[in-house]
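Below is one structure, written out as structure tokens; comments come after it.
Reminder, nothing fancy here: chain letters follow the sequence lines and each chain counts from 1.
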Number of protein chains: 2
Amino acid sequence: MVTGQGPVTITDVARLAGVSPGTASKALNGRRGISAGTALRVQQAAERLGYQPNALARGLLSGRSFTVGLITTDSFGRFSIPVVQGAEDALGPGRILVFLCESRDDRLREEHYLRALLERRVDGIIVTGRRQDRREPIGRDLRIPVVYAMAYSSDPADLSLVPDDEEGGALAIRHLLGTGRTTIGHVTGPRRFRAAVLRAAGAEQALTAAGLGLAGSRTLYGEWTEEWGRRGVDLLLRSAPGLDAIFCGNDQIARGAADRLREVGRRVPADVALVGFDNWDVIAAACRPPLTTVDMNLRQLGRAAGERLLAAVDGHPGSGLQLLPCSLVVRESSRPPESRSP
Amino acid sequence: MVTGQGPVTITDVARLAGVSPGTASKALNGRRGISAGTALRVQQAAERLGYQPNALARGLLSGRSFTVGLITTDSFGRFSIPVVQGAEDALGPGRILVFLCESRDDRLREEHYLRALLERRVDGIIVTGRRQDRREPIGRDLRIPVVYAMAYSSDPADLSLVPDDEEGGALAIRHLLGTGRTTIGHVTGPRRFRAAVLRAAGAEQALTAAGLGLAGSRTLYGEWTEEWGRRGVDLLLRSAPGLDAIFCGNDQIARGAADRLREVGRRVPADVALVGFDNWDVIAAACRPPLTTVDMNLRQLGRAAGERLLAAVDGHPGSGLQLLPCSLVVRESSRPPESRSP
DNA sequence: GTGAAAGCGCTAACAG
DNA sequence: CTGTTAGCGCTTTCAC
């Protein structure tokens, strides 16, 4: 590479190769109607000068910027990260670049970001947020496609992708039933979280389908914390002393539950099986014993968001609230009693 | 806003306002030499049409894109996130947009991203990564400024910003000494981590300065896990049964230590004080008792990286490895025994 | 096969 | 004060 003043333009390359800019352009873009010799000379000239095509100029001409915006309200929390990663997967390393915009739940910041994205002529926007809270559409008449992930738009004409929390709850219960548990309690987060309610609904439905009910007869709503997990165990043991499993609304609650069960002398999983939700590795793996938990497959959700956005950019838009499958990650905390190693 | 075909251009605005594009441009950009009436008519026309200036065209002309790249090798781990947030703080919501590039420690991905960023004419690049591992410069003769944060460049001509781990270690020890502890052990992560070694060095130095040595006489290197924290406590209690404090190389180790101390009947902080490192809220706050810990102020580090990058873009580059201060977050795990509530 | 010219949207410079 | 012109870097006609 030769060090000169300012970025190298295609005109510089053309001059060095002894051709016109138009010809250089064709050669570099593999257009046909160029002799092999010329093509080679242009390639070499570009190489020598370290030529990088100016994407701004290209975008101006083509009307596409090969750029998308990613607006997250979640302060980039632990749920947004895998979604973002998945989206990047779908968009490819360097093919389409992602503008990161953290709105931090601030409407004004969001507007600023939206304007900035529109000015930069992004090809589309992904909106992601905390759990699957319903939210206002990001803007009206945007003329570019938008996909919501995790958070979902209140406008059903928009495409929103969210994990199927209800099915996730059912998954947890069916697993416990399948490993011989019958008296199952449920401790979860605050009732105002849609996710908590949906998971509980899925759990209760799965129990009902098996002709059973919830141990302690009702879902214990509380906080998303270990502290609440510990207290939840105390409450459950009082109302349902014979319980043999607890499904927890997230991994922190489950971890608190595991600690408490150990403290009161109940063995996990021998006496009581435990299933969490989120598959948050630091928690689930550090739990004693390691935690069986429901994974929302957020990375795949992010990837799906990226793919759906690309499809929309190519003229194949989608719409509606779409549920993506959760899956179960089985670890030690729910091992059936029969198969315990000696 | 009027819905038409394709984005609204300044020519559309000019036509509606009955002026030339040049005049419209001046009016919209607050250039003087425009009558108040014209200015108003142009503003209104722009408003009516929902005009958004095309940043690609502007960038083509000005040579600046008001865009920076952020390359992270860390798979966006927990350390990168606050750095990214801080950088966004410095760059302002929408003023300068950030391209997110996760290289995932893949050299090829990194090259793709770098090329893509250069083609898009970013004004600068921030490189961030895991802890403060030394790394190769991202490229040569880039002609745009680069700032390294957390990870640092092996080329001293580059500007690298990293937390002062050594001072952080000293901070922890001085706090423990200041609250009356004298027999202090140190359990930390793998020796191959520079951060582990630096923190240990700072700790030992602070002890030496007080005429003391490490309880158990040497730093216990191991893993960054709770499991190792528990084992570390066992080892320390064997070699230094009378110890009254443990400084742990990260919060997970500290949390494991807290659990183990409780299990063996040592009260925290009454009998043994505990200090962690990272101030990772989920761990530090959920710990029983809540954990005193060293905070690397990563968000400020990210902000500093953003500011230094802007300065470099404006022609004021920096260089060298610069250490940014850690601070101590005091919680219950290190409360002096005297002041315990009844 | 190759070159010249026009134009993407915008702004700076210069006329009027 | 306002309009015209030129050009940022690139690609795409359309001549030759």
Side-chain angles (χ1 to χ4, degrees), chain A residues 4-43 45-46 49-67 115-116 118-123 143, chain B residues 4-43 45-46 49-67 115-116 118-123 143:
Chain A
Q5 205 54 9
V8 181
T9 73
I10 201 170
T11 311
D12 299 327
V13 174
R15 191 177 314 127
L16 181 59
V19 297
S20 75
T23 303
S25 170
K26 283 169 212 151
L28 290 171
N29 291 297
R31 295 270 167 287
R32 43 189 196 151
I34 295 290
S35 76
T38 309
L40 187 65
R41 285 207 324 285
V42 173
Q43 303 283 7
L49 297 174
Y51 170 68
Q52 313 261 158
N54 185 327
L56 272 48
R58 277 186 164 170
L60 186 54
L61 212 48
S62 68
R64 278 203 56 179
S65 63
F66 290 92
T67 274
R115 199 168 41 73
L118 262 14
E119 287 183 356
R120 281 165 180 84
R121 297 296 187 264
V122 292
D123 298 329
R143 292 146 157 211
Chain B
Q5 204 55 8
V8 181
T9 74
I10 201 169
T11 310
D12 300 327
V13 174
R15 191 176 316 128
L16 181 61
V19 298
S20 75
T23 303
S25 171
K26 282 170 212 148
L28 290 171
N29 291 297
R31 296 269 168 288
R32 45 187 196 153
I34 294 289
S35 77
T38 310
L40 187 65
R41 286 208 322 287
V42 172
Q43 304 281 9
L49 298 174
Y51 170 69
Q52 313 263 155
N54 185 327
L56 272 44
R58 277 186 165 170
L60 187 55
L61 209 50
S62 68
R64 278 202 58 181
S65 63
F66 291 91
T67 274
R115 197 167 44 71
L118 262 16
E119 288 183 356
R120 280 163 181 84
R121 297 296 186 264
V122 292
D123 297 329
R143 292 148 155 201

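Here A/R31 pairs with nothing under the salt bridge (Lys or Arg N to Asp or Glu O under 4.0 Å) rule; sequence neighbours left out.
A/R41 contributes a side-chain N or O that, together with a main-chain N or O of A/A17, makes up a donor-acceptor pair within less than 3.5 Å. Looking at A/D123, its side chain never comes within 3.5 Å of a backbone N or O of A/R64 through a donor-acceptor pair. Checked by atom type and distance alone, the side chain of A/R121 never pairs as donor or acceptor with a backbone atom of A/S65 at under 3.5 Å.
Taking a 4.0 Å limit (strictly below) on heavy-atom distances, residues 19-30 of chain A reaches DNA chain C at A/V19, A/S20, A/T23, A/K26. Taking a 4.0 Å limit (strictly below) on heavy-atom distances, residues 34-42 of chain B does not reach DNA chain C anywhere.
In the 5' to 3' direction, nucleotides of DNA chain D lying under 4.0 Å from heavy atoms of chain B begin and end at D/dC1 to D/dG9. Protein chain B contacts DNA chain C from C/dG9 to C/dA13, reading 5' to 3' and using non-hydrogen atoms of the protein with a distance under 4.0 Å.
Between B/R31 and B/L56, the residue whose closest nucleotide on DNA chain C is further toward the 5' end is B/L56. Each of B/L60 and B/G33 has a nearest nucleotide on DNA chain D; the 5'-most of these lies closest to B/G33.
Rounding to the nearest 0.5 Å places CG of A/D12 at 9.5 Å from OH of A/Y51. In this structure, the separation between NZ on B/K26 and OG1 on B/T38 is 11.0 Å, given to the nearest 0.5 Å. To the nearest 0.5 Å, atom OG1 of residue B/T23 and atom CD1 of residue B/I10 are 9.5 Å apart. Going from atom CZ of B/R115 over to atom CZ of B/R120 covers 9.5 Å, rounded to the nearest 0.5 Å. Note: B/I34 CD1 to B/L40 CG = 12.5 Å, rounded to the nearest 0.5 Å.
Note on residues 54-63 of chain B: pairs passing side chain to side chain donor-acceptor pair (under 3.5 Å), not counting sequence neighbours, are B/N29-B/R58.
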